[in-house]
Amino acid sequence: MSHSFNVAIDGPAGAGKSTIAKRVAREKNYIYVDTGAMYRAMALYLLRLGVSPEDSDKIAKACMQADISIEYQKGEQVVLLNGENVNAFLRTEEVGNMASYSSAVPAVREKLVELQRKLAKTTDVVMDGRDIASVVLPDADVKVYLTASSHTRAKRRYMELIEKGETADLEKIEQDIIERDYRDMHREHSPLVQAEDAVLIDSSNLTIEEVTERILALCR
Ligand code: DC
């Protein structure tokens, strides 16, 4: 039986995981799996239903009705929520904040972790998230914990918004990042942690190319 090659990249919001993971995937010709997008799709579903982020019981019940799956169209991951392509709605602060609450609910995690494991079992993947090395793929071939200072991460997010022509408040963004980190790291179930055997990379003072090269070296 052939073994699929799995690269796990975990880290806090805005550390550059998706940019780096996409590059590594492209270089290796692996599939990039963005697990944050799955949690965001679930959050979108809950927001549309009007469920409160604090209402864990309702979230646990409601998530059973959400069918989330992923597909690849022209090499891009497309997230389907009950059959609808929801990619265009996932990258807002509102959805990100809801995802940070709803992803703490075990029923939500169980459902999405199962889907993630299935993908990695049969396919060479670069998967990014919060608990990939620690929970989803404990046997991953390469494990990276990618981080950067909250200030660097806020600046990156700020530049993204400005480039899209949106207005943004740098201090507010950094505050949101600090709060989200806190929730992601202190939740009871599958908190964000650096797995014991993960390699720490701090991208604060590294270019995208440098980080990508380090991970490719780990794959060799
Ligand atoms: O990486 P992101 O910002 O798209 O993630 C959105 C939220 O989902 C974030 O608050 C943490 C959560 N998440 C998670 O709990 N586990 C993952 N594997 C990926 C994301």
Side-chain angles (χ1 to χ4, degrees), residues 4 6-13 15 17-18 21-22 25 30-49 51-73 76-92 94-140 143 145-146 180-181 183-193 195 198:
S4 61
N6 293 168
V7 180
I9 304 181
D10 293 294
K17 296 186 299 291
S18 65
K22 272 185 206 158
Y30 295 172
I31 295 279
Y32 165 54
V33 182
D34 174 359
T35 64
M38 299 177 189
Y39 288 96
R40 284 170 184 268
M42 185 62 86
L44 177 69
Y45 176 76
L46 297 165
L47 282 169
R48 285 175 173 176
L49 280 183
V51 177
S52 152
E54 319 270 357
D55 194 343
S56 308
D57 290 343
K58 263 230 180 86
I59 291 174
K61 271 204 200 103
C63 81
M64 303 299 180
Q65 310 305 318
D67 176 43
I68 292 177
S69 61
I70 70 170
E71 251 180 35
Y72 290 85
Q73 294 178 8
E76 286 287 310
Q77 172 178 300
V78 171
V79 184
L80 302 174
L81 170 61
N82 295 328
E84 174 195 355
N85 174 350
V86 291
N87 272 23
F89 309 113
L90 301 182
R91 309 235 59 95
T92 66
E94 190 194 16
V95 169
N97 279 325
M98 178 57 147
S100 164
Y101 286 96
S102 52
S103 64
V105 176
V108 169
R109 303 205 70 83
E110 275 161 32
K111 189 162 172 150
L112 298 181
V113 167
E114 191 192 338
L115 173 63
Q116 293 153 13
R117 285 190 179 141
K118 261 192 206 151
L119 281 164
K121 195 164 185 168
T122 51
T123 320
D124 296 332
V125 295
V126 181
M127 188 176 283
D128 75 359
R130 301 295 188 288
D131 61 336
I132 310 306
S134 55
V135 174
V136 182
L137 307 176
D139 297 326
K143 297 180 175 183
Y145 188 80
L146 183 64
R180 193 179 304 176
D181 283 358
R183 282 199 299 274
D184 291 349
M185 290 173 180
H186 292 86
R187 65 184 180 211
E188 189 181 348
H189 302 281
S190 308
L192 169 64
V193 284

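Given the structure is predicted, the values throughout are model-derived calculations rather than measurements.
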NZ/K58: more than 12 non-hydrogen atoms of other groups inside 6.0 Å:
no
Does CD belonging to E84 count more than 12 external heavy atoms closer than 6.0 Å?
yes
Which of M127, E76, Q77, K17 passes side-chain contact (heavy atoms from CB on, under 4.5 Å) with D34? It is Q77
Could you check if a side-chain atom of [X] sits within less than 4.5 angstrom of a side-chain atom of [Y], using non-hydrogen atoms only?
X    : Y    : answer
P12  : L192 : yes
F89  : V95  : no
M42  : V105 : no
I59  : L46  : yes
N82  : Y45  : yes
V135 : R117 : yes
V51  : K61  : no
P106 : E188 : no

Under 3.5 Å, sequence neighbours excluded: what are the donor-acceptor pairs made by side chains of residues 63-71?
residue : atom : partner : partner atom : Å
E71     : OE1  : Q73     : NE2          : 3.1

Rounded to the nearest 0.5 Å, what's the gap from [atom1] on [X] to [atom2] on [Y]? Could you check?
X    : Y    : atom1 : atom2 : answer
S4   : Y30  : OG    : OH    : 9.5 Å
D10  : L146 : CG    : CG    : 10.0 Å
R187 : M185 : CZ    : CE    : 10.5 Å
R40  : M98  : CZ    : CE    : 13.0 Å
M38  : L80  : CE    : CG    : 11.0 Å
K143 : I9   : NZ    : CD1   : 13.5 Å

Please find the pair of heavy atoms, one from [X] and one from [Y], that lie closest to each other, and give the distance.
X    : Y    : result
S103 : V108 : CA-CG1, 4.4 Å
A8   : A133 : CB-N, 3.9 Å
T35  : G129 : OG1-CA, 3.3 Å
Y72  : Y32  : OH-O, 2.9 Å
A120 : L137 : CB-CD2, 3.5 Å

So, Q116 side chain and V136 main chain: donor-acceptor pair closer than 3.5 Å or not?
no
Which residue pairs pass the salt bridge (charged side-chain N to carboxylate O under 4.0 Å, His left out) test with at least one member in residues 127-137, sequence neighbours excluded?
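Listed by first then second residue: R109-D131, R130-D184.
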Sequence-distant partners of E54, side chain to side chain contact (heavy atoms under 4.5 Å, CB included), two or more places apart:
S52, Y101
